[in-house]
Amino acid sequence: MIALVDCNNFYASCERVFSPKLDRIPIVVLSNNDGCVVARSNEAKALGIAMGVPLFKIKALIKEEGVRVFSSNYELYGDMSSRVVSVLRRFVPEIEIYSIDESFINFDGVPNLNELSSEMRSTVKKWTGIPVSVGLGDTKTLAKIANHKAKKKPSGVHRTSADSIEDLEHLPVDEIWGIGAKLARRLRSIGITTALQFKNTSAALVRKVGGVVMERTHQELNGFRCFEFEQPQPRQNICCSRSFGRRVEKLQDVESALSSYVSKAVRKMRAEGSVANGIQVFLNTDRFNTSSPQYNNSSSGRLPYPSSDLLTVANEANRHLKRIFRKGYSYKKVGVLLLGLAPEGQQQLPLFANSIGRKKNGRIQIKVRRERLNEAIEEIISKLGKEAISLGRASLKRNGGHRAPWSLKSENLSPKYTTRWEDLLIVK
DNA sequence: TCTGGGGTCCTAGGACCC
DNA sequence: TCTGGGGTCCTAGGACCC
């Protein structure tokens, strides 16, 4: 048996743990830049606030109903997430962290699952303050459906099996894990609208309509496991991008934003002990502003050698940006992807073992490894914070005390209660 | 005025090899 | 007049997830 443990309204619940007066008050949490709603309390859902709706569209409703609004506080949510997982680990041998608020648990051969699930649930609530629901099923896909049902039960625990007719007959196909908007539309066009109908469709037809991917989902729904437990794999790509707080026109400003995203991405890569083989830079105008000219482009290529050196990656990124930047557009977003990540030490080294060679004008330029510089940068950041040091191009952020035009909007940020001493709650 | 960010997997098609 | 077959690797694009 597989269990899916899912935190209820996770980001909203995190905000409530440290601000109990928000109980029973509708609250929403916003995406970066205070753009869209990405989490809602039950009260906010009841007001009809949809997932993903832009903030500006519900401004009036928020005022009218006294909805409390929060900017996203990922430092807090990330820390709360690892607390929840550490409680779950005490109960079970095998756990797969699927996302910031969901974990799969392997319950094969474990007895008394209902009691165990309830105990797990109440312990997580007691020790972390976060309410969770537990879905039980023979496959991950069934456990997902069960979790859906569990959320609506006072007990917070539910089991769905392949022949739970009542669980499947009213479930729309697009609520099955792995079936999104496009596949659901294709299925509806051949008369399949519910999970039960989908389950009872022949495997051959499913394959014809949705390929092997959908066939696996179909098998899982019928109780045959296709998705096994996965151990955490090193990432293959790292992406860092942000929409700008305001539109940006100057190359210098885009460079400055890109440079700060490159630093972020490289730090993440180094923390995982990886090196990148390639890089991609992309640049977008505002797709919603249809009255102004649109321009979207990207440029990618291999790095001169697999590297996790900040300056090498930053220079390459800037070269790609210059290639695609066009004057006369109002830009909304820039981003960088580090591609083809591999564990450090396994990469194909250049011919000269202790130096990095690069051909230029027919001669080999020898660059000394910059490992010590990279280490020094990391140490400064760990001691003095992310703002303490940055690449020259990124320094505009603090020029003359003004925020850079591209910096994020974040107007309703809660304290980082669990990760910063100065944000610790004081109990009278 | 105001619309997020970060991932994975699969497939088709092109380049290239013998 | 007549021009093969089988394979790999890479990339772009499309689908999905939270």
Side-chain angles (χ1 to χ4, degrees), chain A residues 4 6-7 9-11 28-39 50-60 62 69-74 77-78 81 96-104 140-141 144 147 173-187 207 209-217 220 226-227 230 232-247 257 261 264-265 268-269 272 277-278 280 282 284-292 296-302 330 332-341 408-412:
Chain A
L4 174 66
D6 189 313
C7 302
N9 314 329
F10 183 53
Y11 299 165
V28 296
V29 180
L30 304 176
S31 64
N32 270 329
N33 256 324
D34 291 349
C36 301
V37 170
V38 294
M51 181 68 176
V53 69
L55 176 64
F56 72 89
K57 286 192 179 169
I58 54 165
K59 274 265 162 80
I62 281 171
V69 175
F70 291 89
S71 301
S72 42
N73 185 347
Y74 285 104
Y77 312 148
S81 172
E96 176 192 331
I97 301 169
Y98 177 66
S99 75
I100 193 163
D101 70 337
E102 285 171 75
S103 292
F104 286 109
K140 286 182 170 179
T141 304
K144 273 277 198 183
N147 194 283
V173 269
D174 56 351
E175 286 186 28
I176 301 169
W177 187 47
I179 303 204
K182 289 276 165 65
L183 289 175
R185 203 181 310 149
R186 268 187 244 167
L187 287 171
R207 180 161 192 147
V209 175
V212 292
V213 179
M214 197 158 83
E215 194 183 2
R216 282 201 278 255
T217 295
E220 285 246 322
C226 296
F227 306 125
E230 283 171 28
Q233 302 292 322
R235 254 188 290 241
Q236 299 169 30
N237 304 306
I238 288 175
C239 174
C240 188
S241 75
R242 295 283 183 281
S243 294
F244 305 134
R246 301 205 307 261
R247 303 291 165 273
Y261 306 156
K264 229 176 254 180
K268 215 191 243 183
M269 167 167 69
E272 295 191 354
N277 279 281
Q280 178 178 113
F282 60 89
N284 304 123
T285 50
D286 185 355
R287 68 198 158 104
F288 294 106
N289 189 350
T290 44
S291 58
S292 68
N296 302 295
N297 206 350
S298 70
S299 170
S300 58
R302 299 186 83 85
S330 208
K332 174 69 174 169
K333 184 174 180 176
V334 69
V336 61
L337 281 112
L338 306 178
L339 305 168
L341 301 186
L408 285 181
K409 202 159 102 184
S410 187
E411 290 173 350
N412 304 283

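In what follows, chains carry the letters A, B, and so on, assigned in the order in which the sequence lines appear, proteins first and then strands, with residues in each chain numbered from 1.
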Can you figure out which of B/dG7, B/dT3, B/dG5 approaches the side chain of A/I238 most closely?
B/dG7
Using the side-chain contact (heavy atoms from CB on, under 4.5 Å) rule, pick out the option among A/K333, A/K264, A/K332 that qualifies with A/R242.
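One option only clears the test, and that one is A/K264.
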[X] has an atom [atom1]; how far is it from atom [atom2] of [N], in whole Å?
X	N	atom1	atom2	answer
A/Y77	B/dG5	OH	C1'	15 Å
A/K409	B/dG5	NZ	C1'	17 Å
A/L408	B/dC2	CG	P	15 Å
A/K59	B/dT1	NZ	P	13 Å
A/Y261	B/dG4	OH	P	13 Å
A/F288	B/dT1	CZ	P	16 Å
A/N33	B/dG5	CG	C1'	11 Å
A/R242	B/dG6	CZ	C1'	9 Å

For A/D101, check side chain to side chain donor-acceptor pair (under 3.5 Å) against everything at least two apart and list the hits.
A/S99
Produce a footprint string for nucleotides 8-18 of chain C: one letter per nucleotide, 5' end first; B if the base is under 4.0 Å from any protein heavy atom, S if only the sugar-phosphate is, - if neither.
-------SSSS
Give a yes/no on whether any side-chain N or O of [X] is located under 4.0 angstrom from OP1 or OP2 of [N].
X	N	answer
A/R247	B/dC2	yes
A/K332	B/dC2	no
A/S241	B/dG6	yes

When you measure from the side chain of A/N412 to the backbone of A/S71, do you find a donor-acceptor pair of N or O atoms at a distance under 3.5 Å?
no
If only atom types and distance count, is the side chain of A/S31 paired as donor or acceptor with the main-chain N or O of A/V38 below 3.5 Å?
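Side chain of A/S31 to backbone of A/V38: no pair is present.
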Describe the nucleic acid contact of A/V212 in one word from base, sugar-phosphate, nothing, applying a heavy-atom distance below 4.0 Å.
sugar-phosphate
How would you label the contact of A/K268 with the nucleic acid (heavy atoms, under 4.0 Å): base, sugar-phosphate, or nothing?
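Here A/K268 touches the backbone only, sparing every base.
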Whole-angstrom distance between B/dT3 and C/dC18, as gauged at atom P
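Comparing P positions in B/dT3 and C/dC18 gives a spacing of 25 Å.
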The answer to which of A/R235 and A/C36 contacts DNA chain B further toward the 5' end, by nearest nucleotide, is A/C36
Assuming nearest nucleotide by heavy-atom distance, tell me which of A/R216 and A/K57 is located more 5' along DNA chain B.
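The residue mapped nearer the 5' terminus is A/K57.
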Work out how much the helix from B/dG5-C/dC18 to B/dC18-C/dG5 bends between its end axes, five pairs an end, to the nearest 10 degrees.
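Axis angle across the helix from B/dG5-C/dC18 to B/dC18-C/dG5, nearest 10°: 10°.
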Beyond-backbone contact of A/E220 with A/K144, side-chain heavy atoms, under 4.5 angstrom
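Heavy-atom side-chain distance check fails, nothing below 4.5 Å.
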Quick one, A/F244 and A/V334 - any side-chain contact, counting heavy atoms below 4.5 Å?
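Of all side-chain heavy-atom pairs linking A/V334 with A/F244, at least one is under 4.5 Å.
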Results of salt bridge (Lys or Arg N to Asp or Glu O under 4.0 Å) for A/R235 - residues two or more places apart only
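For A/R235, the residues satisfying salt bridge (Lys or Arg N to Asp or Glu O under 4.0 Å) (neighbours in sequence not counted) are A/E272.
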Which residues satisfy the side-chain contact (heavy atoms from CB on, under 4.5 Å) test with A/S81, sequence neighbours excluded?
A/F10, A/I100
N/O donor to acceptor pairs below 3.5 angstrom from side-chain atoms of residues 173-184 of chain A, sequence neighbours left out:
{"from": "A/E175", "atom 1": "OE1", "to": "A/H148", "atom 2": "NE2", "distance (Å)": "3.0"}
{"from": "A/W177", "atom 1": "NE1", "to": "A/Y98", "atom 2": "OH", "distance (Å)": "3.2"}

Closest non-hydrogen contact found for A/M214 with A/L187 is CE-CD2, 3.6 Å
